[in-house]
Structure formats: structure tokens, C-alpha cells
Amino acid sequence: MNISIFGLGIIGSRCADNLAKAGHSVTTWNRTPKDRDDSVADAAAAAKASEVLAFYLKDGKACRETFESIRPALTSAHTIINHSTIDLDTTKWLATECEKLGIDYLDCPFTGSKVAAHNGELVYYFGGNTEVLEKFRPVLEVTSKEIIPLGKVGDATVVKIATNLISASTVQALSEAMAIASAHGVSPETFIPAVTSNACGSPLAAMKLPTMASGDYDTHFSLDNMRKDSVFARELANEAKLNTPGIDATSEMMTKLCDQGLADLDYSALYKQFDA
Ligand SMILES: NC(=O)c1ccc[n+]([C@@H]2O[C@H](COP(=O)([O-])OP(=O)(O)OC[C@H]3O[C@@H](n4cnc5c(N)ncnc54)[C@H](OP(=O)(O)O)[C@@H]3O)[C@@H](O)[C@H]2O)c1
């Protein structure tokens, strides 16, 4: 298929590579131009080059702006697959605008990070028409190991935001626990295996604790992107009149650390709140 990728950040760049390797004709666009043979400078030109338009953009604002810049090039022959984690309002807005233009819209965020994207092993959450999903399954399978249909458009967005709340809160809890252990003379070498064998251990704990202990904050998923997802979670909670003190506190801590210049580090830099 002809596929255009919008957004060549950590994930989009790796998915574009895998789709090209699988034999698809790939065109890419990034707001800040990238030195790639398949890149075009104009978003509308990227839209004209392909029927399948896949977004791996930062947030709702990025998706709305990109959608407006490609709108003049859109026809009913296009399908838009949004993989970005965005707010629910923007998901609904994109779906409505696509419907007006006779375009299929797939609400298709993912879990999995830099390594999973490199290996073509993301897990896609899917909201929308499953007949359309089946049509594009072969494309989605190039970049993923699993596709989970969750319901209507918007449901995948909500699940993605809710599960990121769990990840952010978990890393905040891991940070607090390892800081307490260290302050009382228990080294990370002792603490980490104890967590691994505990019911509270998890793939996320196994991934993040060793790098946090060694001060390696190489970015797999940025603190700024986790911060914005916590804002989406708080918006969903407010809309439902729910109090969510845990994610409120973690969100505020992430905002504080971003303001201190840590925004582009991995979100496990939450542990740096305990730096002396
Ligand atoms: N990394 C992960 O582990 C992970 C996991 C699950 C979900 N996600 C989600 O997947 C999406 C992409 O993640 P990522 O890690 O690849 O993000 P990233 O590295 O921060 O890349 C963000 C991309 O969005 C573009 N962008 C930002 N603002 C824009 C705007 N106003 N208009 C047009 N483009 C804009 C950036 O372009 P510039 O280069 O010009 O800034 C860049 O291409 C995000 O929604 C993220 O939350 C990521």
C-alpha cells in the first residue's frame, strides 16, 4: 500500500522504517524537516502521495493542526489512522471531520515503546468499525504484535489514557519506594530483585527500576508526553466528576520536573525528584 506517516518522533520514525522494509511505499512528513529520502516538506504533499495516512504525532493540537494542513488534499479515497495519544475531544473531532469528508477514521493508539516500535511489536488499541480494521490489518500488523478491538471510536483513546495513568502512577510509586529504601541503606541491587519477586513487580518495574538506579534516562517515552497524558486523564476525570488525587499529584510533579528542564528525558526521570 501507499502509506504516509505524519510525525517522525521516537515511534513514527521506527514504524516508517518497518513499513518500508515490509515493501510498502512510504512517504513521511515531520513538522521539523528530517533528512530522510522518503520525506516531503509539505504535509499536503504527503497526503496526496498515499491513501493511508498514519499519525504518530504528539498530542491533540498536533493532530488538529496537521489535519487542517492536509484538509485541502483529502478525498474519500483516504483513510486516517491515528496512533497518537490524544484527548477524547480531539478524537471525536477528527472522526466527525473525517465522516463529513467520507473518510474512514481509525482510533488506534498503542502501547509499547522505542524498542517495541523498532521490533514491530507495538500493541494497538482499536476503536471503530471492525470491517475497516480488517481491511488495514495487514498494514497494522507490520508494526505490531497484537491488535485489540475495544469498541467504538473514542474507547481506545479512553483506554490508552487510563492505562497511561497506571504507568505514570506506578513509576511515581517505584520512585518513592526506591528512594525510601536507599535512604535507609538498602541498595538498588538488593531492592530491585525483591520487587521483582513481589506481587507488586511488573514488566514496567523490571524495565524502569534498573535504569532509574543507574541514572540512565535515555528517552523511550518522554516525561513531557507522559505529563500531557496525565492532563488528558484529569480532564476525563473532571468530566465524569471523579476525584483522582493520585494522578493529580503525579501530574503536578511531572509538570514541575518538566519546568526544571527535564521534559525531554524518559518519564522515569520522575525519580529525579529525589535528587539532593
Ligand atoms: N514513545 C512511547 O513509548 C509511546 C508509547 C505510547 C504512545 N505514545 C504516543 O505516541 C505519540 C508519538 O510518540 P513519540 O514518543 O514518537 O513522540 P515524540 O518523539 O515526542 O514525537 C512527537 C512528534 O509530534 C510532532 N509534533 C509535535 N507538535 C506538533 C505540531 N503542533 N504539529 C505537527 N507535528 C507536531 C513532532 O514534530 P517535531 O519533530 O517537529 O517536534 C514529532 O514528530 C504521542 O502521542 C505519544 O504520547 C508514545
Side-chain angles (χ1 to χ4, degrees), residues 4-18 27-36 38-44 46-47 53-71 80-88 90-91 94 106-126 140 143-146 148 156-168 170-171 203-204 207-208 211 217-233 251 254 258 262-269:
S4 289
I5 302 286
F6 295 80
L8 294 168
I10 292 173
I11 306 297
S13 57
R14 289 169 173 81
C15 290
D17 290 344
N18 285 333
T27 301
T28 63
W29 173 83
N30 199 61
R31 177 183 60 174
T32 310
K34 295 276 182 185
D35 186 19
R36 287 176 66 113
D38 58 15
S39 258
V40 293
D42 174 31
L53 312 180
F55 289 4
Y56 288 93
L57 296 163
K58 185 179 181 77
D59 54 13
K61 180 172 175 284
C63 288
R64 285 176 189 251
E65 288 177 5
T66 303
F67 184 87
E68 290 301 354
S69 61
I70 64 174
R71 189 192 282 272
I80 294 184
I81 309 180
N82 179 44
H83 298 298
S84 328
T85 308
I86 60 176
D87 55 287
L88 185 57
T90 300
T91 292
L94 284 168
L106 282 69
D107 171 24
C108 197
F110 62 93
T111 183
S113 204
K114 180 155 77 174
V115 176
H118 177 80
N119 293 336
E121 292 179 346
L122 298 175
V123 173
Y124 286 121
Y125 294 149
F126 175 75
L140 294 169
T143 50
S144 68
K145 64 176 181 185
E146 192 179 357
I148 307 177
T157 295
V158 169
V159 169
K160 177 61 202 166
I161 293 169
T163 52
N164 265 19
L165 175 157
I166 299 171
S167 298
T170 299
V171 170
L204 184 61
M207 198 190 306
K208 296 298 184 193
T211 50
Y217 299 111
D218 178 45
T219 312
H220 292 248
F221 180 47
S222 73
L223 185 65
D224 193 44
N225 282 343
M226 187 57 103
R227 180 205 53 76
K228 59 104 182 150
D229 293 348
S230 70
V231 172
F232 299 155
S251 182
M254 289 192 285
C258 285
L262 308 184
D264 291 335
L265 296 184
D266 191 78
Y267 77 98
S268 52

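These numbers come from the heavy atoms of this one structure, side chains and all, not from hydrogens, waters or symmetry mates. Sequential numbering from 1 along the given sequence is applied to the chain's residues. Just follow the structure's listing: the first ligand is 1, and inside any ligand the first atom is 1.
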I'd like a table of donor-acceptor pairs (distance under 3.5 Å, sequence neighbours excluded) in which one partner is a side-chain atom from residues 109-118, with atom names and distances.
residue, atom, partner, partner atom, Å
Ser113, OG, His220, O, 3.0
Lys114, NZ, Asp218, OD2, 3.2
Lys114, NZ, Thr219, O, 3.1

For this session: Indicate yes or no: at least one non-hydrogen side-chain atom of Met254 is less than 4.5 angstrom from one of Ser230.
Result: yes
Seminar exercise, completed: Per the under 4.0 Å non-hydrogen criterion, ligand 1 touches Gly7, Leu8, Gly9, Ile10, Ile11, Trp29, Asn30, Arg31, Thr32, Tyr56, Leu57, Lys58, Ala62, Glu65, Thr66, Ser84, Thr85, Phe110, Gly112, Ser113, Lys160, His220, Phe221, Asn225, Lys228, Asp229
For this session: State, with a plain yes or no, whether a side-chain heavy atom of Thr85 is found less than 4.5 Å away from one of Lys228.
Result: yes
Seminar exercise, completed: Contacts of Tyr267 meeting ring pair (Phe, Tyr, Trp, His ring centres under 6.0 Å) (sequence neighbours excluded), chain-then-number -> Phe221
Problem set entry | Residues forming a side chain to side chain contact (heavy atoms under 4.5 Å, CB included) with Leu165, sequence neighbours excluded | Ser169, Ala233, Ile247
Exercise. Is it true that atom CG of Asp264 has more than 12 heavy atoms of other residues, nucleotides or ligands lying nearer than 6.0 Å?
Worked result: no
